[in-house]
2 protein chains.
Amino acid sequence: MATIRDVAREAGVSTATVSRVYNGSRLVTETTTQIVLEAAARLDYWPNNAARSLSTNRTHVLGVVLPDLFDEFFSEIIRGIDHAARARRHQIILSCFHDNADELIATARSMRGRIDGLIAMAPDARSAQAIAEISRHFPVILLNPGFAVENCGSVGIANREGARSVVRHLRSFGHRRIAILRGPVGNTDAEERLRGYREAIGAGETQHQPLELQGDFSKSSGVLACDALLRFDPLPDAVFAANDYMAIGLLTALLEKGIRVPEDIAVAGFDDIALARYTNPPLTTVTADAYRLGATAVRRWFSASADGGSGHQRDILPTRLVVRESCGAGRSGPDTTDTETRHQHESNAGGPS
Amino acid sequence: MATIRDVAREAGVSTATVSRVYNGSRLVTETTTQIVLEAAARLDYWPNNAARSLSTNRTHVLGVVLPDLFDEFFSEIIRGIDHAARARRHQIILSCFHDNADELIATARSMRGRIDGLIAMAPDARSAQAIAEISRHFPVILLNPGFAVENCGSVGIANREGARSVVRHLRSFGHRRIAILRGPVGNTDAEERLRGYREAIGAGETQHQPLELQGDFSKSSGVLACDALLRFDPLPDAVFAANDYMAIGLLTALLEKGIRVPEDIAVAGFDDIALARYTNPPLTTVTADAYRLGATAVRRWFSASADGGSGHQRDILPTRLVVRESCGAGRSGPDTTDTETRHQHESNAGGPS
DNA sequence: CACAATCATGTAAACGCTTACATTAGCATG
DNA sequence: CATGCTAATGTAAGCGTTTACATGATTGTG
């Protein structure tokens, strides 16, 4: 394979000049540039990135570490990251890990010299700690952590405001007794959504009996919750399930018992999984833009690394209510409404080359 | 950041010895190894991969280039690739491209010195050509190309045999007049599926009127095809849609017209998208194991690179018929049956290192 | 026209590893 | 005890770039 020296010889210039051509230095004459490029083409030369990285200490590669649970949400995140990175002429190294903090840290370490930074999703506190360790070496951005981690920027979604918008929506149809089907205890998304629900309910002051059911984000827990729901007396007007899977389980169970949705009881979910549009009735839910989550993480990474890598700024991405028919909306209404959650610390993106 | 020299000094040995420790040379004493590792730990040393790659000319990284259409299928492919690569202590650089051969080639070129090989999906002949060019530099494996490409290994799925198994399944319910809803002209998957269908039909010799409809893989083309389908006289017993989206469109349209599935007409699809299990009735279809497709590509890459990178072996992965209710199967039957397509050239995986 | 300033290019020393080859020490052998 | 062999370690030359600094050519200025 041709090296920069071969090109230099072929073009009759020094390696420095060739290098300058490839790095866009303005110090090289137009004619020299042409000569060099032609020589390079003749030899099929392409710069060796390993050598470049060694010399410059920059790789133009971003590490991405995600849990092993692949689904539409994750692939959208990756797509967002890839596009944003590509727009800034960076590439990404992807690694999944298997809910094991040690493996995570080993992965991240083994990337030393291969990446300029890291975007990671830490499932638990221990992994987050491990990541904080890593952030001494290069900027790290956490995706949707529930907690603040020292020295790491982070990007999350507006769970609370999303939950509030669901309750507001249900209210707008006159529903007053609104139940919630909670997600797993300890899960940050679940707890933020619960908080949003409580705030919205509290604000309305129409509810005297707590209408909270425990679920675990699985479809079957939605099915199970149906019985408990029916034991409330009088029957609630509506249920907000903290994610779509539970909402779908609930829908199935209700359908089976002959209870009509939304006539007898309204149901809403959270996440807007692909399936939500095909349930019977189509599920009103909240969408979080996974693509944007990924893209924002990249943007945040670039600004962090321009700042020298420190700081722990946080972005919260807005969610959007997706109105379908499970809460009583007819086909005539607007299809979606924006919850207008404000971005925090949103900064513009111009990173370094 | 600590370098190998710092560690050598700290441990009181030469850099060569430190290097040997990290590369598992058996030439180092147990005690020396301990001393070195402790020194390294004290300094928080981790080898710099850029320097390593420059020196050894190997990166332990695989490039992965996929089209920009992310969905479950692609994310499963990536998952398969990641797992298989990780099992061999390799990492992956992921890049999407936007159906543009130039961009593809630029991407691949820009990876020079960053990767040891490439796994790519080429959407058209031009991209495939571009990739063949690249394969002069390192081993390349193509994912599911319709055509053979010089010097590239490839891994595909058994479209033809899958289609045949659908027809066989339909036959087993006594269906004789079996129509097909074709995919887009020029698309390799579509054409292979059509071929499989024709072979199976021809083998049965019961059909005198060609029952072929044109679609384009979209749901709406399935909806449109409904009218054309009903114009056949007498009505076919069954329709094989060349992918699930079209099958789903067709199901919707039939339902709307009051035509019962599978009582009046049976419907089958291909791909087993997540949705297929939730349609009404649940859709009988064919599944291709995307995870395995990715994993096999990695395996193939390792054996190719052990061979010195040449050769154009091809794997064809078996498909599996997923029997649900849209063709007449009751709940009592077996859930799935294997079409038992044989692997071709399947070799075992022990890669180097 | 002498001088300085600017521009285009060259020279060569890093960057942090690996590894061929050299060296040394220890040990068995005749 | 000289010799040869092996095992453990050291020395130093790359690997292919970038870039600070040096150099020579060109231009502008008083």
Side-chain angles (χ1 to χ4, degrees), chain A residues 1-37 39-40 43-61 109-116 137-138 352-353, chain B residues 1-37 39-40 43-61 109-116 137-138 352-353:
Chain A
M1 270 202 184
T3 73
I4 201 173
R5 250 180 285 269
D6 299 326
V7 177
R9 195 181 320 116
E10 173 89 8
V13 297
S14 70
T15 60
T17 300
V18 178
S19 174
R20 285 196 264 263
V21 167
Y22 275 89
N23 290 290
S25 162
R26 301 189 300 92
L27 251 47
V28 192
T29 316
E30 183 59 33
T31 36
T32 314
T33 301
Q34 280 313 315
I35 292 171
V36 168
L37 289 180
L43 300 176
D44 193 25
Y45 166 79
W46 283 91
N48 180 314
N49 286 297
R52 260 184 162 163
S53 301
L54 181 58
S55 192
T56 59
N57 208 23
R58 310 207 61 235
T59 62
H60 284 239
V61 176
R109 281 204 154 130
S110 71
M111 287 178 169
R112 158 100 200 270
R114 257 207 268 279
I115 60 178
D116 291 338
H137 297 307
F138 36 64
S353 156
Chain B
M1 271 200 183
T3 75
I4 201 173
R5 249 181 285 269
D6 299 325
V7 177
R9 196 182 320 116
E10 173 88 7
V13 298
S14 71
T15 61
T17 301
V18 178
S19 175
R20 288 192 187 102
V21 167
Y22 275 89
N23 290 292
S25 162
R26 300 189 302 89
L27 250 48
V28 193
T29 316
E30 182 60 31
T31 35
T32 314
T33 303
Q34 281 313 315
I35 292 171
V36 168
L37 288 181
L43 300 176
D44 194 25
Y45 167 77
W46 284 91
N48 180 315
N49 286 297
R52 260 185 161 159
S53 302
L54 180 58
S55 190
T56 60
N57 208 24
R58 310 206 61 235
T59 62
H60 283 241
V61 176
R109 281 205 154 130
S110 73
M111 287 179 170
R112 159 100 199 273
R114 258 207 267 279
I115 60 177
D116 291 338
H137 298 308
F138 39 62
S353 169

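Lettering of chains follows the sequences in order, A, B, ..., and the numbering in each one begins at 1.
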(request) Specify the residue among B/Ser55 and A/Ala51 whose closest nucleotide of DNA chain D lies further upstream toward the 5′ end. (result) B/Ser55

(request) Figure out the CZ/P separation between B/Arg58 and C/dC17, and round it to whole Å. (result) 19 Å

(message) When you compare the side chain of A/Asn49 with that of A/Thr59, does any pair of heavy atoms fall below 4.5 Å?
(response) no

(request) Using whole Å, report how far CG of A/Leu54 lies from C1' of D/dC15. (result) 9 Å

(request) Figure out the CZ/C1' separation between B/Arg52 and C/dT19, and round it to whole Å. (result) 14 Å

(message) Can you confirm whether the side chains of B/Asp44 and A/His137 place a donor and an acceptor under 3.5 Å from each other?
(response) yes

(message) From the set C/dA8, C/dG16, C/dT19, return the single nucleotide nearest to any side-chain atom of B/Thr56.
(response) C/dT19

(request) Could you check if a side-chain atom of A/Phe138 sits within less than 4.5 angstrom of a side-chain atom of A/Ile115, using non-hydrogen atoms only? (result) yes

(message) Is any side-chain heavy atom of A/Leu37 closer than 4.5 Å to one of A/Val21?
(response) yes

(request) Measure from CG on A/Asn48 to P on D/dG14 and round the result to the nearest Å. (result) 18 Å

(message) Using C1' atoms of five pairs at each end, report the bend of the helix from C/dC1-D/dG30 to C/dG30-D/dC1 rounded to 10 degrees.
(response) 50°

(request) Provide, to the nearest angstrom, the distance between the CD1 atom belonging to A/Ile35 and the P atom belonging to C/dG10. (result) 10 Å

(request) To the nearest Å, give me how far apart CD1 (B/Ile4) and P (C/dC15) are. (result) 14 Å

(request) Using a 4.5 Å cut-off on heavy atoms from C-beta on, say whether the side chain of A/Tyr22 contacts that of A/Arg52. (result) yes

(message) For B/Arg5, give me all partners under salt bridge (charged side-chain N to carboxylate O under 4.0 Å, His left out), at least two apart in sequence or on another chain.
(response) none

(request) List in numerical order all residues of residues 10-28 of chain A for which some heavy atom is under 4.0 Å away from an atom belonging to DNA chain D. (result) A/Ala16, A/Ser19, A/Asn23

(request) Find the distance B/Arg5:CZ to D/dG10:P and express it as a whole number of Å. (result) 15 Å

(request) Classify the nucleic acid contact of B/Ser53 as base, sugar-phosphate or nothing, counting any heavy atom under 4.0 Å across all strands shown. (result) nothing

(request) Whole angstrom is fine here: how far is it from CG in B/Asn57 over to C1' in C/dA20? (result) 17 Å

